[in-house]
Amino acid sequence: MQSMESFRPLTTEKRDYKTMFGVFFFQIAMGSANVWGNIIVYLVSWIRLKQDGFLLEDAAITIPFALIFIYAMIVFSTKIGDHFGFRRTMTVVTICYPLFVVLSSFSNSWFMFVFVYCILGCFFLGAGFMLPMYCGWLAYPDHKGQVTGVVASASLLSPLIFDWGTYWLVNPNNLAANVVDPRDKEHRYFGPEVGNNVPYMLIGMGAMIFFFCLCGLVLIKTPDRKENEQKPMLSPATLHQSPEIASPETIASTEKEKEWPSVGAALKSWEFIRLYAINLFGLFYAVFISTFYKSYGLNVIQNDQFLTFVGASGSCIAATTAYLGGHMSDRLGFRKLAVGVYIAGIIAPFLLVKFASFLGIFYVSSMVGFLILGSSGSLFPYELARVFGPTIGSTLSGILNTGNVVAFACLVVIIKLLLNQILYSGILALICGVVCVSLLLTLTIRT
């Protein structure tokens, strides 16, 4: 049986740095789920060579299914690891997730790609998503917040690696997207000189995912079942918590938890409904940028390399915000930070409508979207823990994170139905109004 010496806290003389590095590497692989904004145009350009007339909005409407599979499996991730063994589960994920990414390169239609990549691949991605966090918590029991910050940062930094990796595999010569479909006024697609490289891109992605998973698997010391029985199971919500949230001793929880005796009572409260609405409406611009920055940008900026740089930089902004948001919340409070974030989220879409062709303005406006994305993962869990206490707040945070999927689903439906009528300028104006709702609701919060 593995000794608990493997899980001594950071304050002991012998420090198990290997497990922390393993957690970071494995979560880099799991963070490949965030690469959609960069590769979706490549994928659609490739599928158009097989399915004439296939459009980007046809592809976007199916992406929520991938997110649903990921979130559904995240809920059961640690339970699966506890039942089958953490190392065995992580080994299966290390083999199967990159394997299905590679197999998706043989798809002859979008339906087959969705089945292989978005359903089968994302099934194993979700199954492994929380396992590094759990092992890290056991290895560093006195520094759960630091582990949480490392995992959140690795997950959001992952596109920095995968965005540039996929770009160099599929479009190393920075060719322009010059294919226009008469039925699609707002998008440009790549020709066969780029589209035919997509299978090699998917194979390369699979190899990178396997490499990072394997590094993590080798370095992480996984707990055995007897040790698991002595430890509380992780909540999926803790992935996005900041160091302050993940350390219950930093929040006076006893009084709040007496006020909210159950999750059901908290769910019915105006405080939770308001926070859920603020997060949901505020995410519209973040989801638009993180998913469609390249699809939108190629129509106004014919520079794939620059747009890849935008996505890679955005992942750094999101990761930094997710890690530091808790620290800033302690000093400034949720209300002040959220008001500042949403004011920027109202100005940025307006600037894109008027000045998107200017590289500097496009870059800064895009960074605001990634800023909102990162702040969602740190400010809201903090506020939930402050209002409801860490125990109930952690559970509510997992429920609040469904706003990501809901916001994305609503946005792709709006784009599918209205894009050809109101164009991206109209979509951005609509997003601006939605973010205004978040700002107004935030102003009603009393600190």
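This chain uses plain numbering: 1 for the first residue, then up along the sequence. Keep in mind it's a predicted model, so treat the numbers as computed, not measured.
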Of all the heavy-atom pairs spanning [X] and [Y], show the shortest one and how long it is.
| X | Y | result |
| --- | --- | --- |
| E271 | F388 | CB-CZ, 3.9 Å |
| D163 | G311 | OD2-C, 3.4 Å |
| F212 | A29 | CB-CB, 3.9 Å |
| S295 | V41 | OG-CG2, 3.3 Å |
| C122 | C118 | CB-O, 3.1 Å |
| F84 | T89 | CB-OG1, 3.8 Å |

Quiz item: Any side-chain heavy-atom pair from I445 and I278 closer than 4.5 angstrom?
Solution: yes

Quiz prompt | side-chain hydrogen bond (donor to acceptor under 3.5 Å, both in side chains) evaluation trace for S32 with Y97 | solution = CA-CA 11 Å; S32 60; Y97 175 41; 2.6 Å; yes

Going by distance alone, is a donor N or O of one side chain under 3.5 Å from an acceptor N or O of the other, for [X] and [Y]?
| X | Y | result |
| --- | --- | --- |
| D304 | N174 | no |
| K294 | T308 | yes |
| N34 | S290 | no |

Exercise. Decide side chain to side chain contact (heavy atoms under 4.5 Å, CB included) for M367 and V310; before the verdict, give the C-alpha distance in whole Å, the side-chain angles of both, and the deciding distance to 0.1 Å.
Key: CA-CA 8 Å; M367 293 306 102; V310 168; 3.9 Å; yes

For the rings on [X] and [Y], is their centre-to-centre separation under 6.0 Å?
| X | Y | value |
| --- | --- | --- |
| Y296 | F292 | no |
| Y42 | F190 | yes |
| H187 | Y424 | yes |
| Y293 | W36 | no |
| F309 | Y363 | yes |

Side chain to side chain contact (heavy atoms under 4.5 Å, CB included) partner of [X], chosen from [options]:
| X | options | answer |
| --- | --- | --- |
| Y276 | L280, I273, N279 | L280 |
| Y117 | V102, L103, V101 | V101 |
| Y342 | L439, I347, L337 | L439 |

Does [Y] offer a backbone N or O that forms a donor-acceptor pair with the side chain of [X] under 3.5 Å?
| X | Y | answer |
| --- | --- | --- |
| T291 | F288 | no |
| Q302 | A177 | yes |
| R183 | L55 | no |
| T402 | I399 | yes |
| E186 | N420 | no |

Practice problem: Taking only Lys NZ, Arg NE, NH1 and NH2, and the carboxylate oxygens of Asp or Glu, determine whether R188 and D181 approach each other closer than 4.0 Å. | Solution: no

Exercise. Starting from the C-alpha separation in whole Å, work towards a yes-or-no answer on side-chain hydrogen bond (donor to acceptor under 3.5 Å, both in side chains) for R274 and T444.
Key: CA-CA 9 Å; R274 177 173 54 188; T444 66; 3.2 Å; yes

Between [atom1] of [X] and [atom2] of [Y], what distance do you get to the nearest 0.5 Å?
| X | Y | atom1 | atom2 | value |
| --- | --- | --- | --- | --- |
| M205 | S105 | CE | OG | 11.5 Å |
| L283 | I431 | CG | CD1 | 11.5 Å |
| L131 | F129 | CG | CZ | 11.0 Å |

Quiz prompt | Y189 six-ring face occupied by R48 cation (under 6.0 Å, within 45°) | solution = yes

Self-check item: salt bridge (charged side-chain N to carboxylate O under 4.0 Å, His left out): pairs with one or both residues in residues 413-441, sequence neighbours excluded
Solution: D58-K416

